[in-house]
Amino acid sequence: MTGLTLYTNPMSRGRIARWMLEEVGADYGVEMLGYGGTMKDDAFLAVNPMGKVPAIVHDGRVVTECAAICAYLADAFPQAGLAPRADERADYYRWMFFAAGPVEAAITNRSLGVVPTSDQQRMVGYGEYDRVVAVLEAAVSAHPYIAGDRFTAADVYVGSHVMWGTQFGSLPKLDAFMAYLGRLVDRPAHVRASALDDAAMADMQAA
């Protein structure tokens, strides 16, 4: 039995964790969970009391939250070379958690129709949506990859946000975003992960 298990749903942020697992070349098992069903069962709540996917269990240790999973796996599998070098750490952590914080919050609020007033913008971590988009655009334009000249785990996380945002209309299809995605989508690990999740989604829909 593998010492690493991914708890996921193919129509969730679990696709980010799957991509990262494929990038590091880990041997892992998969537990597919259903919304409103097994995702809320006691067995999974013992793993993640939030009842949300993804989560991983690695040698008995639980990691939740996509950015944390990406960072953890980069460190746990150093042979993959996806953790930051010393000169990449600032951008690596800055932009990974910018995506986990301001980008995630700004996109979610916009999708829910929540628009902070000028006074409320001082209370929310992202300020305003348009500023978040402009900062993200500048970040992906500064280097070929988010932390510099090579692909790291931060690109799995930031790239996934840009990929889904431009696909579903929560981010504009700016030239900088599309150029950045062009450097990510054909990575063999991304292609494998997408195929696995697409097949799993088809199986779940057919069941």
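Predicted model, so just to flag it, every value in this text is computed and none were measured. Along the sequence shown, the residues carry numbers beginning at 1.
- In this structure, the side chains of Val30 and Leu196 stay at 4.5 Å or more apart for every pair of heavy atoms.
- Both Val135 and Val124 are assigned to one and the same hydrophobic cluster, defined by single-linkage of ILVMFWY side chains at heavy-atom distances under 4.5 Å.
- Put simply, the side chain of Asp27 does not reach to within 4.5 Å of the side chain of Leu4, judged on heavy atoms.
- In the hydrophobic cluster analysis, where Ile, Leu, Val, Met, Phe, Trp and Tyr join through side-chain heavy atoms closer than 4.5 angstrom, Met32 is grouped apart from Val57.
- Atoms CE and CE, on Met11 and Met201 in that order, are 6.5 Å from each other to the nearest 0.5 Å.
- Shown here for Gly159 and Leu184, the closest heavy-atom pair between the two residues is CA-CD1, 3.6 Å.
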Next on the checklist: side-chain contact (heavy atoms from CB on, under 4.5 Å), that's the test. Do Ile107 and Arg110 meet it? Break it down for me.
Outcome noted: CA-CA 5 Å; Ile107 286 177; Arg110 183 180 175 88; 5.8 Å; no
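- Side chains of Trp164 and Ile16 form a contact here, defined as non-hydrogen atoms less than 4.5 Å apart.
- Phe98 is listed as a side-chain neighbour of Val103, based on a closest heavy-atom distance under 4.5 Å.
- Counting only heavy atoms from C-beta outward, the side chains of Ile69 and Tyr157 never approach each other to under 4.5 Å.
- For the residue pair Cys70 and Met96, the shortest heavy atom distance occurs at CB-CE, 4.3 Å.
- Heavy-atom neighbours of Arg131 CZ from other residues, nucleotides or ligands within 6.0 Å: at or below the threshold of 12.
- Note that CG of Asp198 and CG of Asp203 are 11.0 Å apart. Values are rounded to the nearest 0.5 Å.
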Checklist entry - Between Val115 and Asn109, is a side-chain contact (heavy atoms from CB on, under 4.5 Å) present by the stated rule, with each step listed? => result CA-CA 7 Å; Val115 181; Asn109 276 1; over 6 Å; no
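- Note that CG of Leu6 is 5.5 Å distant from CG of Leu21, once rounded to the nearest 0.5 Å.
- Under a 3.5 Å cut-off, the side chain of Arg18 and the backbone N or O of Thr8 do not form any donor-acceptor pair.
- Taking the six-membered ring for Trp and thresholds of 30 and 60 degrees, Tyr93 and Phe97 have nearly parallel ring planes, at less than 30 degrees apart.
- Side chain of Asp197 to backbone of Pro10: no donor-acceptor contact under 3.5 angstrom is found.
- Panel note: side chain Tyr28, backbone Ile56; no donor-acceptor pair is recorded below 3.5 Å.
- Residue pairs meeting the side-chain hydrogen bond (donor to acceptor under 3.5 Å, both in side chains) criterion with at least one member in residues 43-59, sequence neighbours excluded, are His58-Tyr72.
- For the residue pair Ala55 and Thr64, the shortest heavy atom distance occurs at CB-CG2, 3.9 Å.
- When all heavy atoms are compared, the tightest approach of Val140 to Ala176 is CG2-O, 3.8 Å.
- Ala67 and Ala100 get closest at one heavy-atom pair: CB-CB, 4.1 Å.
- You'll find the side chain of Leu136 reaches within 4.5 Å of the side chain of Phe177, heavy atoms only.
- Within 6.0 Å of CE in Met50 there are 12 or fewer heavy atoms belonging to other residues, nucleotides or ligands.
- Residues Asp91 and His143 form a side-chain contact, since some pair of their non-hydrogen atoms from C-beta on lies under 4.5 Å apart.
- The same ILVMFWY cluster, assembled from side-chain heavy atoms under 4.5 Å apart, contains both Phe168 and Val133.
- The neighbour count for Asp87 CG, taken as heavy atoms of other residues, nucleotides or ligands under 6.0 Å away, is above 12.
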Checklist entry - side-chain contact (heavy atoms from CB on, under 4.5 Å) between Val53 and Phe44: does it pass, once the steps are laid out? => result CA-CA 10 Å; Val53 293; Phe44 181 60; 3.8 Å; yes
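- Under a hydrophobic-cluster definition in which Ile, Leu, Val, Met, Phe, Trp and Tyr are linked whenever side-chain heavy atoms come within less than 4.5 Å, directly or via other members, Trp95 and Leu174 are assigned to the same cluster.
- Lys173 places no side-chain N or O within donor-acceptor distance of the main-chain N or O of Met178, the cut-off being under 3.5 Å.
- Without hydrogens or angle criteria, Arg13 side chain to Cys66 main chain gives no donor-acceptor distance under 3.5 Å.
- A donor-acceptor contact shorter than 3.5 Å links the side chain of Asn9 to the backbone of Leu33.
- Both Tyr92 and Trp19 are part of a single hydrophobic cluster, where members link through side-chain heavy atoms under 4.5 Å apart.
- Using a 4.0 Å cut-off between a side-chain N of Lys or Arg and a carboxylate O of Asp or Glu, Asp155 and Arg150 do not qualify as a salt bridge.
- Electrostatic pairing of Arg187 and Glu23 counts as a salt bridge here, judged by a charged N lying under 4.0 Å from a carboxylate O.
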Checklist entry - For Met163 and Val185, what are the C-alpha separation, side-chain angles and deciding distance, and is it a side-chain contact (heavy atoms from CB on, under 4.5 Å)? => result CA-CA 9 Å; Met163 202 174 298; Val185 294; 3.9 Å; yes
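- By the 4.5 Å heavy-atom criterion applied to side chains, Tyr145 and Glu88 are not counted as neighbours.
- Closest approach of Val162 to Leu171, counting heavy atoms only: CA-CD1, 3.9 Å.
- Scored by the side chain to side chain contact (heavy atoms under 4.5 Å, CB included) test, Ala106 finds Tyr126, Tyr129, Val132 as partners (sequence neighbours excluded).
- For the residue pair Glu137 / Tyr180, no side-chain donor-acceptor distance below 3.5 Å is found, with atom types taken as modelled.
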